[in-house]
Amino acid sequence: MATLPALKQFTDRVNRIEISATMAVVAEASKLKAGGADLVEFGAGEPHFPTPQHIKDAAIAAIQQNFTRYTAVAGMAELRSAIVQRHATDFGSDYKPDEAIASTGGKLALFNAVQVLVDHGDEVILPVPYWVSFKDIIEYGGGKCVYVETDENEGFRLTADMIERSVTPRTRAIIINSPNNPSGAVINPQDFTAILRMAHKRGIYVIADECYVYLNYTGSTFSAGSVRDVKEHLVIAGSLSKTYAMTGWRLGYALAPAPIISAMTKLQSQSTSSSAQMIQKAAVAALTGSQQCVADMKAEYIQLRDLTLDLLGKIPGISCVKPQGAFYVYPNVSAYFGRTGVESGADVAKRLLHEAHVVTVPGEAFGTRDHIRLSYATSAQEIKRGLERMKEWFAKL
Ligand SMILES: Cc1ncc(COP(=O)(O)O)c(C=O)c1O
């Protein structure tokens, strides 16, 4: 096949990034499915539950009542109030509505936060394993990722000391995601507080991705927002996607000091503007209504996690740190490397997809090559079917 001439077709900033690896896996799996393959899907990171009825009803009512217009860029006043009140009630944080912005998904809130804080050549500390998009969001903004490795033998623990060793005069921000995608690790409140205080003292921003903050199975929940004295250097990115099974609705938010929120609003005013008005109304219903649905989903995720771990434990050679939150397991499959051409998590994920019809995501997408990620946000039946296929596949390797 003829190769394309090396013309500079696109901008440097877009050439610096790659398509999201999880989206790429979903695309490859879709092709196989379109060809009739019966896949077991552990790939995409989204709840298998439908959005709770009262949230759907609120959206339908909003459309009927003609909430179908532009709103203020940062979101309607009632939504910004609902966001800060929910957070204050659940975590004891102290934000005012002008310290909140609603965005079209938590990913956009994170993207905007990085674009307003990180300049060319700035360093951003990123603990490994990291969620796929952080690296590209930082690099798109011209920032440099400084990776801090965590050790799975320590449960992927992250401490202030580990981070402080990587701080330089160019360090601008640290991105923390707890509960973590992909490992499910939860930073304990003491370690998290020490990280926040260390960063605050040095004038470094912590961007805390709280996408899974309600899916914490340790028995106590924790938000960086509870540490009120570091607020000046803290940006919290939140999302309704996983908490309320609302991935497709695209509603996330950020909490931060008002000047940061103003800068993010300015940026958002030149791209997506506000999120859709009827979705904002549904988000108000989600945040102000009964939170029983959140507790119910969480209880089921814990059962699904335990089932997945139990079945993974029956595959010889595979080890897996017990996740304390989110809905992923991150097994180490390196015991199989060196067998019939399998050398990395990427090889395992690819062959599992094509030979066992099980969809997983390679660890390389999250900065490690010894692992694959499985999302257990699916039915117990699918988990059993998929893990049985995996067991057979590994046995034949
Ligand atoms: C760690 C993490 N942060 C942020 C997001 C963004 O979620 P959304 O844009 O759907 O709010 C995701 C989604 O998978 C995630 O896993």
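Positions are given from 1 along the sequence.
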Counting only heavy atoms not in Gln381 (residues, nucleotides, ligands), do more than 12 fall under 6.0 Å from its CD? no
Once you measure the plane-to-plane angle for Phe394 and Tyr336, does it fall in the parallel (<30°), tilted (30-60°) or perpendicular (>60°) bin? tilted
Where does the angle between the aromatic ring planes of Phe134 and Trp131 fall among parallel (under 30°), tilted (30 to 60°) and perpendicular (over 60°)? perpendicular
Indicate if Ile261 and Val118 have the same hydrophobic cluster label, given that clusters are the connected sets of ILVMFWY residues with side-chain heavy-atom separations under 4.5 angstrom. yes
Please check if the distance between the ring centroids of Phe91 and Tyr214 is under 6.0 Å. yes
What distance separates Leu311 CG from Ile383 CD1, expressed to the nearest 0.5 Å? 8.0 Å
Looking only at the aromatic ring of each residue, does the gap between the centers of Tyr376 and Phe42 stay below 6.0 angstrom? no
Taking only Lys NZ, Arg NE, NH1 and NH2, and the carboxylate oxygens of Asp or Glu, determine whether Glu388 and Arg385 approach each other closer than 4.0 Å. no
CG on Leu251 to OH on Tyr244, rounded to 0.5 Å: 10.5 Å
Carboxylate-amine/guanidinium contact Arg157 Asp191, below 4.0 Å: yes
How many angstroms lie between atom CD1 of Ile138 and atom CG of Asp122, to the nearest 0.5 angstrom? 11.0 Å
Neighbour count above 12 (heavy atom, 6.0 Å) for Arg13 CZ: no
side-chain contact (heavy atoms from CB on, under 4.5 Å), paired with Lys231, selected from Ile236, Leu255, Asp94, Leu196: Asp94
Kindly compute the distance separating OH (Tyr301) from CG (Asn216), expressed to the nearest 0.5 Å. 14.5 Å
Relative to the ring of Phe222, is the ring of Phe192 parallel (under 30°), tilted (30 to 60°) or perpendicular (over 60°)? tilted
